[in-house]
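Please read the structure below before turning to the comments.
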Protein chains: 2
Amino acid sequence: MAMSIAHLGPTGTYAEQAALAYLNQLKDAEQTILCPYPSIAQTLKTVARGKADVAVVPVENSIEGSVTITLDTLWQLEQLQIQLALVLPITHALLSHAVNLDAIVTVYSHPQALAQCQGWLEQFLPNVELIPTNSTTEALQHLDQESRSGAISSLRAAQIYNLPILAHAINDYPDNCTRFWVVSQRSVNRVSSVENTHTSLAFSLPANVPGALVKPLQIFAERGINLSRIESRPTKRSLGEYLFFLDLEADANSTLVQSAIAELATYTEILKLFGSYNVIQTQEREC
Amino acid sequence: MAMSIAHLGPTGTYAEQAALAYLNQLKDAEQTILCPYPSIAQTLKTVARGKADVAVVPVENSIEGSVTITLDTLWQLEQLQIQLALVLPITHALLSHAVNLDAIVTVYSHPQALAQCQGWLEQFLPNVELIPTNSTTEALQHLDQESRSGAISSLRAAQIYNLPILAHAINDYPDNCTRFWVVSQRSVNRVSSVENTHTSLAFSLPANVPGALVKPLQIFAERGINLSRIESRPTKRSLGEYLFFLDLEADANSTLVQSAIAELATYTEILKLFGSYNVIQTQEREC
């Protein structure tokens with residue numbers, strides 16, 4: 001049976017590019033179907049409901065930080081686990097039928113992409129109207145009718161939608177990467193012969209007292225387990241109450257991490273494990 | 001001379017509402033001018049360049065979390081300090097000339113507002129197109145021409161733009177609040193007779209080793225200083241390198257906090273203090 005991979009669409013997004021990179025990792029790549037969805041939340045919910053096998057979702061960009069809808073939805077849905085992380089280099093281009101930059105009056109893109117090019121936009125297109133869209137490819141189909149509009153997207157999208165490239169590598173920081181997670185239902189069996197390098201988890205704390213977060217961090221520090229990331233998100237109960245998302249550089253199956261997690265559980269209110277996985281750098285550029 | 005207050009516009013935004021709440025705190029409120037700007041970054045840069053006296057900017061929402069552009073811009077601009085924090089209850093309404101919900105095909109709003117109403121939208125308007133805008137009021141002027149469009153904004157905006165309210169209190173969580181900071185240039189003298197309750201700072205760490213973040217947190221825990229918030233942001237140098245933003249529940253002028261900050265400086269790479277201030281709850285509802 002074909003494996004279905006849900007991702008943010010329409011076709012040509014960076015999420016689709018990450019899904020294709022994941023597909024390259026699979027042995028029977030020809031038996032897969034890519035399924036574009038209009039939002040990241042819907043992508044994850046589709047997998048939770050068993051309507052797709054895996055979702056490939058952005059979790060963090062090196063410039064703009066967390067993709068909070070991914071973290072919040074993962075916390076909300078009980079049954080998902082991370083299978084793999086993929087790091088994709090991001091190089092934005094300005095696509096348009098305009099004859100040159102002076103002719104542009106409007107630029108469309110996803111808010112993250114607009115933010116990643118804000119310095120370039122201020123320098124070269126200071127007077128254009130910036131219009132946020134739900135993905136980097138959503139506006140591309142309209143550019144044929146709007147000769148004075150442009151959209152920030154990828155070179156790959158330029159090919160797919162047959163659009164001229166007016167400027168390339170317009171992101172403000174050259175080392176622009178996005179990390180994606182490949183997520184499946186928890187019940188899916190994983191065949192892994194190698195040790196996983198990363199583990200992700202999240203927790204809420206019972207009370208906001210001095211040092212409440214120190215103890216959970218100490219548990220890992222004492223064991224020499226590095227945290228590659230800590231992110232706080234609101235509990236949504238009241239202002240000032242947080243969840244904490246941690247990425248550990250260790251495998252949850254090791255006895256060291258298992259003892260740390262057992263101790264951590266004594267300090268947390270709710271503790272959720274999102275699984276252990278490896279990280280793959282896609283394409284050449286190191287991030 | 002009149003005092004100028006920069007905020008995200010156009011008129012009717014929650015940021016303007018916070019600016020008016022700040023104005024109510026001032027004794028000579030009649031000598032102030034509200035200056036709307038098209039983006040939060042421009043609002044802060046205007047103050048850094050001395051073109052406005054203060055900026056009122058959102059920093060955190062109880063449901064959607066950090067307003068990252070505020071944190072990133074504050075880190076980037078050297079000369080700004082926080083004067084005051086304001087907590088504003090947020091109650092979203094759907095404004096439209098449509099006869100009823102069934103007639104709506106498009107809903108505009110700022111991505112944060114769309115996210116804060118996503119459950120309501122899925123339940124009552126599952127098939128409409130959601131169009132993100134740069135502020136909650138940007139699309140309001142177009143609603144007169146678009147009888148099948150709606151926009152998520154405030155009751156106050158409905159009055160200002162003379163728009164019918166099709167649904168009210170549509171945010172998914174009733175305890176929806178946004179915290180704003182009132183920011184001025186560092187050189188502005190503050191007359192404060194009372195002790196400040198909060199201090200904000202941010203730092204980068206020299207190396208990513210196990211426990212690198214534990215030590216800075218311990219410094220405050222050992223002194224019984226509560227952290228009301230910790231937020232990580234990318235350094236924008238490479239994926240996996242972070243800045244940490246901390247809010248302390250203490251005054252930076254106290255000897256206790258001064259000793260903590262002196263010790264903290266020995267562990268950090270770059271340390272920036274954004275000042276001490278009080279927090280004001282505007283209107284009745286507690287968050």
Side-chain angles (χ1 to χ4, degrees), chain A residues 38-39 41 60-66 68-69 72 87 110-111 115 118 122 129-134 172-173 175-179 208-215 217-218 220-242 244 247 249 286-287, chain B residues 38-39 41 60-66 68-69 71-72 87 110-111 115 118 129-134 172-173 175-179 208-215 217-218 220-242 244 247 249 286-287:
Chain A
S39 75
E60 183 185 21
N61 174 265
S62 60
I63 311 303
E64 285 306 305
S66 283
T68 54
I69 188 69
D72 290 358
V87 178
H110 189 273
Q118 57 190 301
E122 272 174 35
E129 190 185 10
L130 303 177
I131 301 185
T133 53
N134 291 309
D172 297 334
Y173 299 84
D175 280 342
N176 187 335
C177 299
T178 298
R179 190 159 57 103
N208 187 23
V209 293
L213 183 60
V214 176
K215 194 65 215 176
L217 300 190
Q218 262 174 344
F220 297 106
E222 279 164 5
R223 289 168 174 83
I225 301 169
N226 194 30
L227 301 184
S228 53
R229 181 160 168 255
I230 177 168
E231 178 66 283
S232 65
R233 289 293 302 147
T235 59
K236 304 187 196 282
R237 291 186 295 221
S238 77
L239 192 65
E241 267 192 29
Y242 302 97
F244 296 95
D247 289 351
E249 291 182 353
E286 272 290 311
C287 276
Chain B
S39 75
E60 184 186 20
N61 174 265
S62 59
I63 310 304
E64 285 306 304
S66 282
T68 55
I69 188 69
L71 300 180
D72 291 358
V87 177
H110 189 274
Q118 57 190 302
E129 190 184 10
L130 303 178
I131 302 186
T133 53
N134 292 308
D172 297 334
Y173 298 84
D175 280 341
N176 187 336
C177 299
T178 297
R179 190 160 56 103
N208 187 22
V209 292
L213 182 60
V214 176
K215 195 64 216 174
L217 299 190
Q218 263 173 343
F220 297 107
E222 281 164 3
R223 289 170 174 83
I225 300 168
N226 193 31
L227 302 183
S228 53
R229 181 160 169 255
I230 177 168
E231 178 65 284
S232 65
R233 289 292 303 149
T235 60
K236 304 187 196 284
R237 292 185 296 221
S238 78
L239 192 65
E241 268 192 30
Y242 302 97
F244 296 95
D247 291 350
E249 290 182 353
E286 273 289 310
C287 277

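Below, chain A is the first sequence line, B the second, and so on; all start at residue 1. Just so it is clear, the values below take in all heavy atoms, side chains as well, and ignore hydrogens, waters and symmetry mates.
From B:Ile69, atom CD1 reaches atom CD of A:Glu64 across 6.5 Å, with rounding to the nearest 0.5 Å. Note that CD of A:Glu60 and CG of B:Leu239 are 5.0 Å apart. Values are rounded to the nearest 0.5 Å. Distance check: A:Ile63 CD1 to B:Arg233 CZ gives 10.0 Å after rounding to the nearest 0.5 Å. Taking NZ of A:Lys236 as the start and CG of B:Asn176 as the end, the distance is 9.5 Å to the nearest 0.5 Å.
Residue contact with chain A, scored on non-hydrogen atoms closer than 4.5 Å, involves the backbone of B:Thr133 exclusively. Heavy-atom distances place no part of B:Asp172 under 4.5 Å from chain A, backbone and side chain included. In this structure, chain A has no heavy atom under 4.5 Å from any part of B:Ile131. For B:Glu222, no part lies under 4.5 angstrom from a heavy atom of chain A. Neither the backbone nor the side chain of B:Arg223 comes within less than 4.5 Å of any heavy atom of chain A.
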_Is there a side-chain contact (heavy atoms from CB on, under 4.5 Å) between A:Leu213 and B:Leu227? Walk through the geometry before answering._
CA-CA 9 Å; A:Leu213 183 60; B:Leu227 302 183; 6.0 Å; no
*Would you please test A:Ile230 and B:Phe244 for side-chain contact (heavy atoms from CB on, under 4.5 Å) and show each step?*
CA-CA 10 Å; A:Ile230 177 168; B:Phe244 296 95; 3.6 Å; yes
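With sequence neighbours left out, B:Thr235 forms a side chain to side chain donor-acceptor pair (under 3.5 Å) with B:Glu241.
When each of B:Pro132, B:Ala221, B:Gly65 is checked for heavy-atom pairs under 4.5 Å with chain A, B:Pro132 comes out on top.
With contacts defined as side-chain heavy-atom distances shorter than 4.5 Å, the pair A:Val214/B:Phe220 does not qualify.
B:Ser238 approaches A:Ser62 most closely through the heavy-atom pair C-CB, 4.4 Å.
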